Asks: 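One structure is given below, represented as structure tokens, and several questions about it will come after.
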Amino acid sequence: MEVMFPPSFTLSSNSAPNWFLHFPVTDSSSNNFTFRTSPRVPLRSAYRERSFVPPVHVQDESVERMITEPITNDHVLSRHSAVFKQNRLPPLVSALKASAELNTASFHFPGHNRGHAAPDSLIQLIGIRPYLHDLPELPELDNLFCPEGPILEAQTEASKLFGSSETWFLVGGTTCGIQAAILATCSPGDFLILPRNCHLSVISAMVLSGAVPKYIIPDYKNDWEIAGGVTPLQVLKVIQELEREGKKPAAVFITSPTYHGICCSLSEISELCHSHKIPLIVDEAHGAHLGFHSELPNSALQQGADLTVQSTHKVLCSLTQSSMLHMSGSIVDKEKISRCLQTLQTTSPSYLLLASLDAARAQLSESLASVFNQAIKLANETKCLLKHIPGISVLENSSFPTFPGIDPLRLTVGFWELGLSGYEADEILYRDFRIVCELVGSKSITYAVNLGTCRDHVQRLILGIKHLAATYAHIHQPEETVVTGHAPFDDIVMRLIPRDAFFASKRKVSIKDCVGEISGDLVCPYPPGIPVLIPGEVITESAVDYLIRVRSNGGVISGASDPSLSSITVCNV
């Protein structure tokens, strides 16, 4: 008997080893496991230019069953559980359903005309029903930019649940909400206080607004190569620095939680900002679920933020690309937010995305007391088991003691004691166990536990990491870690603001000659999308070394005009 992976697991690559592991199977007359190799099979990632690890020989039939068995209803939360019960349809979902069921002669866009001309290939994948509900801004469905009906009702219900004074639905992701928040608070030449490890959407917002950045260098753990948040004292120092120069920031921007789940002391920061009459904007893309369970940190709104942008599709259950922007208090002009969103969002919003926001809100509100119980229990159990695996490190609150907590639904696991980078460990775990993570770093992998996480997949994760540890503890000797405490961007010098650098004339220079030049590129390892080079900053040797090392370890570099990093675009200044 030979076990083969389904064809869907075969992904293209120009670089792959000549072997591919088949999981062990047993002969009925023997207790011996057998392994068989197959012809050259491509690996998953686009960055496979080297073959650095042999296959892990997994001698466990349960792994074979985990990967080859089809997913059944037992593998996910029961659709009959309290999480999915609906006493009545949410307002926007109800309006979309009613509109799709009307017997109409349709002479409007989109061109598939309620599924009549839907492409067969995609119908085979997702069925016809999404097309039936892919409708434009019909009168009965309301207008996103001037809501008076079901969109207004859905946003009002979301506002009540999340505790905001106003909530806007977003179909351009949290990127769109961050850009709108900064445009609404910062005019050209205004100062924006923000962490240097902000998401790249903040840089694009400064290009659009003309805001002048005043960066705070976040806490940085070299052994993990992870940046944390910013402290209230850091914010106060920058405010006072500007005041000594006779200037006042237009806004303070904070990322909390970070991609790794590290949370800032937002209550203290908001109190500080408000004492100086400065609005606080929080990128809470990874924290839409916060505040809804006793073991979860409080949300940004609960801690006094004025504007909060959340990716409702990350831990909560709306469709990808759908987010929410929440406002609290009156320090920010509500009408200006609306105008900025109208400038940035499409005039043809997807009602499937909008309805998914309404549905995710209803799903959460109907089971507030228990909706996260299972996910948090699984996450805590998993973390406890991981901590007992030799050679494996787990990110905990003690790693960043100056911050109030870490989201328990984020599990960040380090592999450096096995002599493996995060990229290497991820390749092995995907190849041999089909484990798909959320974020890969130079030294760690981050796994996101959510409402759909099932025990079978947690068991596979534990089994995979145990086999990884058992195998590579005998192969690799861990490298000695040199702890410097320096981030790759902590020696920045800004010569141009991002907007001026964006519009400046540029040229390409060799990577070996770019140090000291002014960056014209926005370059970052992705994910998480945190820039190492920002347009307008002087390129440093440490930043270049970091990017080269990330790429050589298997990371993907986003934003460079030359993806190979043989050259960098610089400003002609």
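All values below were derived from every heavy atom in this structure, side-chain atoms included, with hydrogens, water molecules and symmetry-related copies excluded. A quick note: this is a predicted structure, and the numbers were derived from the prediction, not measured. Along the sequence shown, the residues carry numbers beginning at 1.
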Asks: Are Pro498 and Val207 side-chain neighbours, meaning at least one heavy-atom pair lies under 4.5 Å?
Replies: yes
Asks: Taking CZ in Phe502 as the centre, count heavy atoms belonging to other residues, nucleotides or ligands within less than 6.0 Å. Is the count above 12?
Replies: no
Asks: Angle between ring planes, Phe372 versus His289, binned at 30° and 60°: parallel, tilted or perpendicular?
Replies: tilted
Asks: Under 3.5 Å, is there a donor-acceptor pair between the Asp407 and His260 side chains?
Replies: no
Asks: Under 4.0 Å between a Lys/Arg side-chain N and an Asp/Glu carboxylate O for Arg549 and Glu225?
Replies: yes
Asks: Roughly how far apart are Thr382 OG1 and Gln459 CD, rounded to 0.5 Å?
Replies: 9.5 Å
Asks: Enter the distance from Ile178:CD1 to Ile281:CD1 here, rounded to the nearest 0.5 Å.
Replies: 9.0 Å
Asks: Give the intermediate values and the outcome of side-chain contact (heavy atoms from CB on, under 4.5 Å) for residues Tyr259 and Arg410.
Replies: CA-CA 9 Å; Tyr259 211 146; Arg410 291 297 160 94; 3.8 Å; yes
Asks: Name the residue from Leu200, Ile534, Val532, Ile557 that meets the side-chain contact (heavy atoms from CB on, under 4.5 Å) definition with Val523.
Replies: Ile557
Asks: Nearest 0.5 Å, please: how far is NZ in Lys247 from CG in Leu242?
Replies: 7.0 Å
Asks: Hey, is Glu241 close enough to Lys214 for a salt bridge, meaning N to O under 4.0 Å?
Replies: yes
Asks: Kindly indicate whether the side chain of Ile511, heavy atoms from C-beta on, has any atom under 4.5 Å from the side chain of Ile568.
Replies: yes
Asks: Salt bridge or not for Lys383 and Glu396, using N-O below 4.0 Å?
Replies: no
Asks: Give the C-alpha distance, both sets of side-chain angles, the deciding distance and a yes or no for side-chain contact (heavy atoms from CB on, under 4.5 Å) between Asn197 and Thr255.
Replies: CA-CA 8 Å; Asn197 62 326; Thr255 303; 5.7 Å; no
Asks: Over all heavy atoms of both residues, which pair between Leu429 and Ile465 is shortest? Give the atoms and the distance, please.
Replies: CD2-N, 3.9 Å
Asks: Examine distances only and state if a side-chain atom of His276 and a backbone atom of Ile278 form a donor-acceptor pair shorter than 3.5 Å.
Replies: no
Asks: If we ignore hydrogens and angles and just use 3.5 Å, is the side chain of Thr258 paired with the main-chain N or O of Ile262 as donor and acceptor?
Replies: yes
Asks: May I ask you to test the Val230-Ile254 pair for a side-chain heavy-atom distance under 4.5 Å?
Replies: yes
Asks: Applying the side-chain contact (heavy atoms from CB on, under 4.5 Å) criterion to Leu272, which one of Ile239, Val252, Leu280 satisfies it?
Replies: Ile239
Asks: For Ser399 and Lys221, which heavy atoms make the closest approach, and how far apart are they?
Replies: O-CE, 2.7 Å
Asks: Please examine the side chains of Thr231 and Lys237, heavy atoms only from C-beta on, and report whether any two atoms are closer than 4.5 Å.
Replies: no
Asks: Do any N or O atoms from the side chain of Gln321 and from the backbone of Gly173 form a donor-acceptor pair under 3.5 angstrom?
Replies: no
Asks: Do any N or O atoms from the side chain of Ser265 and from the backbone of Glu268 form a donor-acceptor pair under 3.5 angstrom?
Replies: no
Asks: Can a donor-acceptor pair be found between the side chains of Ser328 and Asp306 at a distance below 3.5 Å?
Replies: no
Asks: Begin from the C-alpha positions of Leu296 and Ile376 and carry the test side-chain contact (heavy atoms from CB on, under 4.5 Å) through to its verdict.
Replies: CA-CA 9 Å; Leu296 294 172; Ile376 291 174; 4.0 Å; yes
Asks: Can any side-chain N or O of Ser270 pair as donor or acceptor with the backbone N or O of Ser267 at less than 3.5 Å?
Replies: yes
Asks: Do you know the tightest heavy-atom contact between Leu468 and Ile428?
Replies: CD1-CG2, 3.5 Å
Asks: Inspect the contact between Glu381 and Arg455 and indicate whether a charged nitrogen and a carboxylate oxygen are less than 4.0 angstrom apart.
Replies: yes
Asks: Which heavy atom of Gly291 sits nearest a heavy atom of Gln302, and at what distance?
Replies: CA-OE1, 3.5 Å
Asks: Is the shortest side-chain heavy-atom distance between Phe400 and Ile226 below 4.5 Å?
Replies: yes
Asks: Just checking, any donor-acceptor pair under 3.5 angstrom between side chains of Thr412 and Thr446?
Replies: yes
Asks: For Leu418 versus Gly391, what's the shortest heavy-atom pair and its separation?
Replies: CG-O, 3.7 Å
Asks: Stepwise, does the side-chain contact (heavy atoms from CB on, under 4.5 Å) test hold for Arg460 with Arg434?
Replies: CA-CA 9 Å; Arg460 192 194 301 187; Arg434 292 299 184 251; 3.6 Å; yes
Asks: Check whether any side-chain heavy atom of Ile193 lies under 4.5 Å from a side-chain heavy atom of Phe253, and answer yes or no.
Replies: no
Asks: With no hydrogens and no angle check, do the side chains of Thr174 and Ser311 hold a donor and an acceptor under 3.5 Å apart?
Replies: yes
Asks: Looking only at atom types and distance, does a side-chain atom of Ser318 sit under 3.5 Å from a main-chain N or O of His313, one as donor and one as acceptor?
Replies: yes
Asks: To the nearest 0.5 angstrom, please state how far the CD1 atom of Ile203 sits from the SG atom of Cys198.
Replies: 4.0 Å
Asks: Give a yes or no answer on whether the side chain of Ser519 reaches the backbone of Ile539 with a donor-acceptor pair at less than 3.5 Å.
Replies: no
Asks: Could you grab the distance from atom NZ of Lys443 to atom CH2 of Trp224, nearest 0.5 Å is fine?
Replies: 10.5 Å
Asks: Is there side-chain contact between Pro213 and Leu194, with heavy atoms separated by less than 4.5 Å?
Replies: yes
Asks: Okay, side chain of Asn450, backbone of Gly452: is any donor-acceptor separation there less than 3.5 Å?
Replies: yes
Asks: Between Phe415 and Tyr423, is the ring centroid distance below 6.0 Å?
Replies: no
Asks: Main chain of Leu208, side chain of Arg499: is a donor-acceptor contact present, judged purely on distance under 3.5 Å?
Replies: yes
Asks: Does some side-chain heavy atom of Asp219 sit less than 4.5 Å from a side-chain heavy atom of Phe403?
Replies: yes
Asks: Return the minimal non-hydrogen interatomic distance between Glu417 and Ser393, and the atom names on each side.
Replies: OE2-OG, 3.7 Å
Asks: State whether a side-chain donor-acceptor pair under 3.5 Å links Asp545 with Ser542.
Replies: no
Asks: So does Arg196 pair up with Glu537, basic N to acidic O under 4.0 Å?
Replies: yes
Asks: Can you tell me if CD on Glu243 sees more than 12 non-hydrogen neighbours from other groups inside 6.0 Å?
Replies: yes
Asks: Measure the spacing between CD of Glu438 and CG of Leu411 and express it to the nearest 0.5 Å.
Replies: 12.0 Å
Asks: Within the side chain of Thr453, is there an N or O that forms a donor-acceptor pair under 3.5 Å with the backbone of Val449?
Replies: no
Asks: Taking the six-membered ring of Phe433 as reference, does the NZ or CZ atom of Arg431 fall below 6.0 Å from its centre and within a 45° cone about the axis?
Replies: no
